Amino acid sequence: MKHIILSLGLAAFAVSPYPVFAESTFDKVKVEAGETLFYSECRRCHAPDSTDPSYGPPLDNILGRAAGTVEGYEYSEALAGSGIVWTPAALRAWMEDNDGFMPGTKMRHVGIEDRTVQDFILAYLGNISAQ
Ligand code: HEC
């Protein structure tokens with residue numbers, strides 16, 4: 001019986017237009033893990049939706065956004081005048097050591113050094129930037 005189920009499974013993969021570990025499934029898992037991490041590490045200060053006011057600026061559409069540009073939010077001079085754009089690399093540096101990356105920011109230090117955790121949070125932030 002085990003063999004029949006196994007070969008049925010393999011047959012399904014053989015006719016599937018997607019690779020065995022479909023990237024979309026993997027991405028979905030990363031986004032979900034990132035959402036959980038966002039809620040434990042970032043949500044107390046940041047909303048994922050600009051209609052929901054929080055202590056920090058909202059982070060929807062953060063990927064590709066010029067830093068310090070959410071209208072009505074009072075940024076530190078350091079962030080408002082930084083001239084940077086939030087690329088994945090900049091967001092990694094920020095998560096790892098935001099006040100080292102940008103001295104004078106008013107965001108309290110977060111030290112997320114684990115690249116996998118950064119990957120997950122980036123996947124989530126990318127997902128809320130996609131529209
Ligand atoms: C204790 C509160 C707090 C936590 C926790 C926090 N932030 Fe922040 N964050 C802020 C504040 C306040 C600012 C505005 C900083 C400034 O103006 O210098 C900010 C700014 C930012 C910005 C710049 C946004 C823009 O519009 O340019 C990004 C990106 C960011 N935070 C990401 C994160 C991520 C990702 C996490 C979780 C890993 C996180 N923050 C956790 C308070 C926080």
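Not measured: the values here are computed from a predicted model.
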Considering all heavy atoms of both residues, which atom of [X] and which atom of [Y] are nearest to each other, and what is their separation?
X	Y	value
V85	A90	O-CB, 3.8 Å
H46	F38	O-CZ, 3.6 Å
G104	A78	C-CB, 3.6 Å
Y55	K106	OH-O, 4.3 Å
A93	F101	CB-CD1, 3.5 Å

Could you grab the distance from atom CG of L122 to atom CG of L63, nearest 0.5 Å is fine?
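Spacing of CG (L122) from CG (L63) equals 6.5 Å.
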So how far is it from L125 CG to C42 SG, rounded to the nearest 0.5 Å?
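It is 7.0 Å, given to the nearest 0.5 Å.
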Are side-chain heavy atoms of [X] and [Y] found at a separation under 4.5 Å?
X	Y	answer
P48	R43	yes
K30	N127	no
P58	V70	yes
I62	R65	yes
V110	E41	no
E113	D97	no

Excluding sequence neighbours, so at least two apart, what forms side-chain contact (heavy atoms from CB on, under 4.5 Å) with V117?
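Partners of V117 under the side-chain contact (heavy atoms from CB on, under 4.5 Å) test: L37, I112, D114, I121.
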Using modelled atom types and a 3.5 Å cut-off, is there a donor and acceptor pairing between side-chain atoms of N98 and backbone atoms of M107?
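Yes; judged by distance alone, with no hydrogens or angles, the pair exists.
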Tell me if a side-chain donor or acceptor on D52 pairs with a main-chain N or O of A47 at a distance below 3.5 Å.
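Not a single qualifying donor-acceptor pair exists.
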Checking side-chain polar atoms at under 3.5 Å, does S129 have a donor or acceptor matched by the opposite partner on N61?
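Result is no, nothing qualifies.
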What about Y39 and F120, same hydrophobic cluster or not, with Ile/Leu/Val/Met/Phe/Trp/Tyr joined at side-chain heavy-atom distances under 4.5 Å?
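As far as the 4.5 Å side-chain criterion goes, F120 and Y39 are connected within one cluster.
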Can I84 be reached from L79 by stepping across I, L, V, M, F, W or Y side chains whose heavy atoms are under 4.5 Å apart?
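Yes: a chain of side-chain contacts under 4.5 Å links L79 to I84.
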Could you check Y124 against T36 for side-chain contact (heavy atoms from CB on, under 4.5 Å), going step by step and ending with a plain yes or no?
CA-CA 9 Å; Y124 174 69; T36 304; over 6 Å; no
Can you pull the side-chain hydrogen bond (donor to acceptor under 3.5 Å, both in side chains) pairs that have at least one residue in residues 68-92, sequence neighbours excluded?
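The answer is R92-Q118, R92-D119.
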